Structures are given as C-alpha cells and as structure tokens.
Amino acid sequence: MMNGRQYEESLKTRKPNVYYLGKRLDHPYDHPAIAPHVRTAAVTYDLAMDPAHADVMTAVSNLTGERISRFTHLFWSVDDLIRKTAMLRLAGQETGTCFQRCVGLDAANAIWSATWEIDRAKGTDYHARFRAFLTRMQREDLMSAGAMTDVKGDRSLPPWQQADPDLYVRIVGRKPGGIVIRGAKTHITGAVNSHEILVMPTLGLPPEGADYAVTCAVPVDAPGLTIVFGRQTNDERKEEGGRFDYGTPFGVVGGESTLIFDDVFVPDERVFMAGEGEFAGMLVDQFAAWHRANYGGCKAGNADVLLGAASLLAEVHGTIKNGMVKDKLTEIVHLVETNFAGAIGSSALGKQLPAGNWLVDPLLANTVKQNVTRFVYQVARLAHDVGGGLLSTLPSDADFQNGEIGKSLTKYFAGKQGFSTDDKRKLCRYIEGMTSVATLVEALHGAGSPQAQRIVMLRQANLPEKAKLARKVIGLGKK
Ligand SMILES: Cc1cc2nc3c(=O)[nH]c(=O)nc-3n(C[C@H](O)[C@H](O)[C@H](O)COP(=O)(O)OP(=O)(O)OC[C@H]3O[C@@H](n4cnc5c(N)ncnc54)[C@H](O)[C@@H]3O)c2cc1C
C-alpha cells in the first residue's frame, strides 16, 4: 500500500491533459486549485497506513489474500459493507470534506458483478479481464474515479436520438485489439488526481442503444482524454493561498471535472462491456444502491466536523450554554445519526449477489440518499443559524493583514476570551465552505437527483404486496 506522500509522487509520473480557467496545466497536481483535492485524497492513503485504523481502512483481498486498502476491496460480506460505512465516516471526519474515493470503489464492485452476469449469459471473458485489472489496482493501491454521468443533452430523448450522437459516451469504432470511444462525462469527482477512470453507462439500454453500453478503464493520461477541471466553491480564495478565507487546507467538495473522450482507444483487456445494453441497467442500479448508502457515512463524518465547528463558534459567541442553541445542535445530531443508521441498516440487510460480492438493501440505501437531499440542507440551515451573519459578511483575510485596519478588525471581531479572532475567522470560513452551494448541490444531485431515488423507492416498496397486507389485516372483501 502507498502512504499519502507516495500517492502524491505516483501521480507525478502521469501526464494528463488538464485544463482549468482556459489554460492547459503543465503541472496540474501542484496547481493551487487542484492541490487541496490531492491532499484530501492523500489523507485516505495515510489513514490506511495507520495501525489504529487498520480494521476499518484495510481488508484482506479475496483475490490475492494480501492486505489492501479497503478503497480497492470488493464487498465480500455484510461486515465489509458495515466497515466501508465506518471507513467513509472516519475519512469524512479526518478531512471534513469529500475525499473522492468512494465512486471508484462502488464502480469496481458494480463492474465485478455486471461482468460476471454478462459472461454467464453470453460466454464472454469480461469478468476475467476485470479480475486481472482489479488485482493490479489492489496490488498497486491505485485510485480510480467512477465516470457514469453523461452530459446528456436533451433529457427527454434517449442517447441515440440526440441531435448530436456524442452527448452520451459511445463506441465509435471496433479495431483489432480494442474499441474506440467518444463523448463526455461530467461532474466526475476526483478524476484529475485518480490513476484510472472507470467509464460506465448512465442508464439501461435497449438494442438500438448498444453502442452506448460501454464499460471500460481508461488511464488518466490516455491519449485523446482531456480533463477540464470545474470551478469549485471559493476557488479564487485557494489561489490567494489564504487558509483563512478558504477555511480548510483541504478542498470543498471533490474537485469535479468534465472528461472529454476524443476517440480514445481502449485495448480489449480494459473493456468490460461493449454493446451488452441489457446489462447496463443492472450495473447502474447496483452502483447506485452502494453509492447512495455511502452518503450516510461520508456526510455523517463531514457533519461531525461541521457540528464541532458550529458548537465551537457558539462557544466563541458565548451562546453555547443557551438551551435553544443546544437544541439546534441536538437537531443536527438527530439528522446526522438518522442517516448514519440508515447506511448501517442498508449494509446489515445486504444480500450476496451471484458474483459473490454483497449488495446493500436497495430500499434503505435509496432512502438514505433521499434523506441526504434534505438533511444536509437542514443541517446547513441550523449551522447558519447558530453561526450568525458573519458567515456571509466577514471581511477578507487581506483586510485583517492590512497595516492600517487589520488591528481594528482583530479588536472588533473578538469573541469570548480564550479564543483568538483568528480562530473565530477560521470557524466561520469552514462553516461557510461546507454549507456552500457546492456542498448542498452535491448532497442533492451526487449519486443521482432526488427523483432517481424515489423511482427505486416506490419500485422496491412493492405496493401490490403492501396492498395484500392491508387487505388481509383489515379484512377487505369479508362480511
Ligand atoms: C458534486 C457532484 C459530484 C458528482 N460526482 C459524480 C461522479 O463522481 N461520477 C459520476 O458519474 N457522476 C457524478 N455526479 C453526477 C450526478 O450523479 C448527477 O449530477 C445526477 O445524476 C443528476 O444528473 P444531472 O446533474 O445531469 O442533472 P439532470 O439529469 O439534468 O437533472 C436535473 C433535474 O431534471 C430532472 N430530470 C432529469 N431528466 C428528466 C426527464 N427525462 N424528465 C423529467 N425530469 C428530468 C431531475 O430529476 C432533476 O430534478 C456528481 C454530481 C455532483 C453535483
């Protein structure tokens, strides 16, 4: 396994084609907009090397028998699902933000079971290819991004009826030894600082959409792949180098990018689905179930830090002993733990798939994510309430550093004795960042917008079965 520093070094041997603010970056990993996201992911590597966290952060591979990072592990039991949730909470607590590695983990598990099913039905050899690929991921402790979401153009039309057929990633050529793909995936967390991109279809596909049924692994620096790093919350503040105005040494949200695949050649050994659209829906559903349950873990970890920051700021304000303030903090605890319980519950009720790995309970998993789409907003509102208007109006660090006005600002923004004005500013900025629109939108749309969960919830709730129960218990049709 690598530690954080080795992970950062390993990235520097890659030469991805990265753009940000209209410029091509020669050294993307050192760029002030990207470096915080690299540092955040590096924390997950350091945690895995810490013996105190070995049970949660590492696992014994069912492929090699070797101890590996849990971020490259297949979910091989209910215990693995529960420990994964614990790992996400821990990493969320240690970074206070998105640490970017869960999408690739869930993608690997979804590809594992989808390839197994395709091979069983069609006699292909995708599963053996993926097993070899994943074994290398585990041995080399690589980070992968999960790239499912297409740019999608007109949402009312399927991929093959779009005015431009490239609005969903598709196979545009089949050559001896591999396939050629074209299109764009967007919002991809941690893509720029991953070693590998796991490309997956974004929806189930009938035969006319077969070219869009493509799952494969693309190295981050593959020829033809361009990565456009998105604007992040308060990104100019990162470039000012100000810990104060940015609020944390880590990123806010996961450093999302748009990936443009301009006729990228993918060799056969990296292709895990190429036209079998009837298996795309299964892959998407399973990926989504694992991924939606995650939010009860990572968001709980982030909220632990946010709750801590809100309570400290209440202490600085001298309001912490007030019963109403305590009640608001209690409400945050209630919201966060409700979600964590859902994630643990969906893991505890997991079921083994024919491919051997374990799937969380889809109804509970989707309910977790549905709650996250609301609870994270409610937690933010409560943190804003407790924190006060300074969260949005605090003068800049440059003003605090100014020789003429800095001293006055420090004097007038003092809080309770025992806390410095600087500490107060740091707390305000952290809460600002972690309750910003980027964090809220991630909670709303990451792992699928609210409607996506509601569709699965209604399907999984099995209304006819519930109606049968009601008929029996109430005695409908009986005299
Ligand atoms: C911070 C962040 C990180 C993310 N990370 C990743 C990642 O790592 N990998 C990845 O693959 N994806 C990632 N995503 C993408 C995420 O899964 C999508 O944002 C989500 O699926 C919604 O898709 P969209 O953004 O295209 O929104 P849209 O699909 O445009 O949805 C917008 C609204 O339109 C509605 N809608 C959509 N289609 C229809 C329709 N046909 N009819 C009626 N209403 C419709 C939706 O319900 C929603 O209310 C991330 C997103 C965010 C915000």
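Worth saying up front: this structure is predicted, and the values here are computed from it rather than measured. Whatever order the structure lists ligands and atoms in, that order sets their numbers, starting from 1.
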Say whether [X], considering both its backbone and side-chain N or O atoms, lies within less than 3.5 Å of an N or O atom on ligand 1.
| X | result |
| --- | --- |
| S449 | yes |
| A147 | no |
| E256 | no |
| D150 | no |
| H187 | yes |
| G146 | yes |
| S156 | no |

Region of [X] that comes within reach of ligand 1 [heavy atoms, distance under 4.0 Å]:
| X | value |
| --- | --- |
| Q451 | side chain |
| K185 | neither |
| V253 | side chain |
| V103 | side chain |

Measure the distance from [atom] to every protein heavy atom, then report the residue, atom name and distance (to 0.1 Å) of the closest one.
| atom | value |
| --- | --- |
| atom 12 (N) of ligand 1 | T149 OG1, 2.7 Å |
| atom 22 (C) of ligand 1 | H445 ND1, 3.8 Å |
| atom 21 (O) of ligand 1 | G448 CA, 3.5 Å |
| atom 29 (O) of ligand 1 | K152 NZ, 3.0 Å |
| atom 8 (O) of ligand 1 | T189 N, 3.0 Å |

Can you check salt bridge (Lys or Arg N to Asp or Glu O under 4.0 Å) on R429 and E432, steps first, answer last?
CA-CA 5 Å; R429 291 305 188 203; E432 182 197 359; 3.0 Å; yes
I'd like to know whether the aromatic ring centres of F71 and Y45 sit less than 6.0 Å apart in this structure.
no
With ring centroids as reference points, do H37 and F229 lie under 6.0 angstrom apart?
yes
Carboxylate-amine/guanidinium proximity below 4.0 Å for [X] and [Y]:
| X | Y | value |
| --- | --- | --- |
| K185 | D150 | yes |
| R231 | E236 | yes |
| E9 | R14 | no |
| R459 | D285 | yes |
| D80 | K84 | no |

So do R70 and T58 actually touch side chain to side chain, heavy atoms under 4.5 Å?
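Heavy-atom side-chain distance check fails, nothing below 4.5 Å.
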Are any of the side-chain heavy atoms of Y29 and N193 separated by less than 4.5 Å?
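Yes, close enough: below the 4.5 Å cut-off.
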Between R155, E442, R454, M200, flag the one that comes closest to atom 30 (O) of ligand 1 by a heavy atom.
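Shortest heavy-atom distance from atom 30 (O) of ligand 1: R155.
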Is the positively charged end of K426 above the ring of F244, judged by distance under 6.0 angstrom from the centroid and angle within 45° of the axis?
yes
Please say whether the positively charged group of R89, taken as NZ for Lys or CZ for Arg, lies over the ring of F340, i.e. under 6.0 angstrom from the six-membered ring centre and within 45 degrees of the axis.
yes
Under 4.0 Å from [atom], do we find at least one protein heavy atom?
| atom | value |
| --- | --- |
| atom 43 (C) of ligand 1 | no |
| atom 50 (C) of ligand 1 | yes |
| atom 10 (C) of ligand 1 | yes |
| atom 36 (N) of ligand 1 | no |

Aromatic ring pairing H291/F287, orientation class (parallel under 30°, perpendicular over 60°, tilted between):
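Aromatic pair H291/F287 classed parallel.
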Check for me whether A447 has a heavy atom closer than 4.0 Å to any atom of ligand 1.
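Flag set, A447 near ligand 1.
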Heavy-atom contacts with I188 under 4.0 Å: which atoms of ligand 1 show up? List them by number with element.
7 (C), 8 (O), 9 (N), 10 (C), 11 (O)
Counting from 1, what ligand 1 atoms have a heavy atom of M148 closer than 4.0 Å?
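Selected atoms, number and element: 10 (C), 11 (O).
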Salt bridge (Lys or Arg N to Asp or Glu O under 4.0 Å) for R24 and D26? Distances and angles first, verdict last.
CA-CA 6 Å; R24 190 177 178 284; D26 288 334; 3.4 Å; yes
